Amino acid sequence: MKRISLTQYLVEQQREHGRIPAELRLLIEIVARACKTIAIAVNKGALGDVLGSAETENVQGEVQKKLDIISNEVLIEANEWGGHLAAMASEEMDTIHVVPHRYPQGEYLLLFDPLDGSSNIDVNVSIGTIFSVLRKVGHHHGRVDEITEEDFLQPGRAQAAAGYCVYGPQTTLVLTVGEGVAVFTLNRETGSWMLTADQVQIPADTQEFAVNMSNLRHWAPPVRRYIDECLAGKDGPRGKDFNMRWVASMVADVHRILTRGGVFLYPWDQREPHKPGKLRLMYEANPMAFLVEQAGGSATNGSQRILDIVPGTLHERVSVMLGSKNEVQRVTGYHAD
Ligand code: AHM
Ligand code: MG
């Protein structure tokens with residue numbers, strides 16, 4: 001079988017299907033190239049002095065790892081000069097990063113979690129990069145300094161593209177431009193991303209859930225009910241046994257779900273009642289929700305479709321339930337009961 005590269009795939013999307021403008025194609029190519037650079041740093045591990053803590057904190061009060069900071073810098077540097085972006089936002093930066101005046105300003109806004117699954121870096125378990133692309137809306141008359149955080153506060157359904165890269169046994173890039181989900185695998189010999197799966201579909205039913213079970217006693221009753229019923233297996237109300245997986249890297253857990261189905265939960269918990277959840281809406285939940293919906297799955301916060309949530313702030317958090325449609329519908333339904 002003759003495989004096509006990411007570049008060919010994007011040119012086809014642009015030329016034959018008219019699905020993406022040239023600027024968006026450039027943006028995706030640049031993000032993909034940055035992910036290659038991050039993958040090289042990840043692979044070096046202790047030899048590259050990239051493991052461990054940077055001894056700094058991000059805006060959310062989390063201690064940053066060296067790779068969090070390296071990956072953030074790689075993505076910023078790669079994306080500044082192309083003329084495709086107006087501004088960027090990241091889990092690792094308090095405020096937005098407007099493209100400097102010396103470069104032309106483009107039509108897009110890029111958000112990312114540069115290195116997701118930080119707790120897995122030092123233990124050599126899969127980690128990843130998540131990204132989300134929005135269009136600059138409103139009347140800016142092309143002046144860079146007019147871009148503000150407000151321009152980013154669009155619901156996830158407005159995304160022009162989204163994706164993630166998994167740094168695992170294989171380095172894999174998963175992408176949607178709103179016409180299904182495509183998977184590319186990095187060929188290390190040639191340095192090319194090659195299309196290895198297209199129009200990925202998540203089965204509607206599953207017997208596998210992903211959740212951090214150590215938090216069980218803190219969850220709200222609908223989530224406890226859902227998991228209790230899964231755990232009861234054949235003898236319980238579901239009448240079938242469930243398997244459990246929890247990588248603690250959202251990219252890896254979502255990738256498994258895209259590959260063979262499943263349901264992923266990171267629900268609200270009562271320890272910090274005012275915090276809707278752990279995961280961030282704009283650069284974790286939204287891009288993953290877009291991918292999952294494009295693959296025929298669902299994503300909600302228990303009461304609402306993730307992609308319909310209008311963000312109030314850049315770093316806002318959200319409760320997440322995503323994956324196989326029928327399971328997400330069930331756990332969401334328990335919230336309405
Ligand atoms: P991070 O962006 O700081 O790495 O945090 C997000 C990660 C997700 O990838 C993962 O699903 C979750 O945090 C794991 O949380 P926990 O350590 O509670 O299992
Ligand atoms: Mg993250």
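Atoms considered below: every heavy atom in the structure, side chains included; atoms not considered: hydrogens, waters and symmetry mates. Each ligand, and each atom within it, is numbered from 1 in the order the structure gives. Just so it is clear, the model here is predicted, and its values are computed rather than measured.
Nearest N/O/S atom of Asp113 relative to the Mg ion (ligand 2): this is OD2. No other N/O/S atom of Asp116 lies as close to the Mg ion (ligand 2) as OD1 does. In Glu284, the N, O or S atom that comes nearest to the Mg ion (ligand 2) is OE2.
For Phe264, every heavy-atom contact with ligand 1 shorter than 4.0 Å involves the side chain, none the backbone. Residue contacts with ligand 1, taken as heavy atom pairs separated by less than 4.0 Å, involve Ser118 via backbone and side-chain atoms alike.
Here the rule is side-chain contact (heavy atoms from CB on, under 4.5 Å) with Val181, and of Val292, Leu291, Ile202 only Leu291 fits it.
Under a 4.0 Å N-O distance rule, the pair Glu91/Arg280 qualifies as a salt bridge. One finds a salt bridge joining Arg256 and Asp253 here, because a Lys/Arg side-chain nitrogen approaches an Asp/Glu carboxylate oxygen to under 4.0 Å. The existence of a salt bridge linking Lys136 and Asp151 is excluded, since no basic side-chain nitrogen approaches an acidic carboxylate oxygen closer than 4.0 Å.
Remark: Thr196 OG1 to Gln170 CD distance equals 8.5 Å, nearest 0.5 Å.
By the neighbour-count criterion of 12 heavy atoms within 6.0 Å, atom CD of Glu272 is sparsely surrounded, having that number or fewer from other residues, nucleotides or ligands.
For atom 4 (O) of ligand 1, the nearest non-hydrogen atom from the set Gly117, Ser126, Pro114 comes from Gly117. When Met250, Glu284, Met288, Lys65 are ranked by how near their heavy atoms come to atom 9 (O) of ligand 1, first place goes to Met250.
Not a single heavy atom of Ser119 sits less than 4.0 Å from an atom of ligand 1.
Using modelled atom types, one finds a donor on one side chain and an acceptor on the other under 3.5 Å when comparing Asn215 with Arg271.
Among all non-hydrogen protein atoms, the one lying nearest atom 3 (O) of ligand 1 is Glu91 OE2, 3.4 Å.
Here's the thing with Asp253: none of its N/O atoms is less than 3.5 angstrom from an N/O atom of ligand 1.
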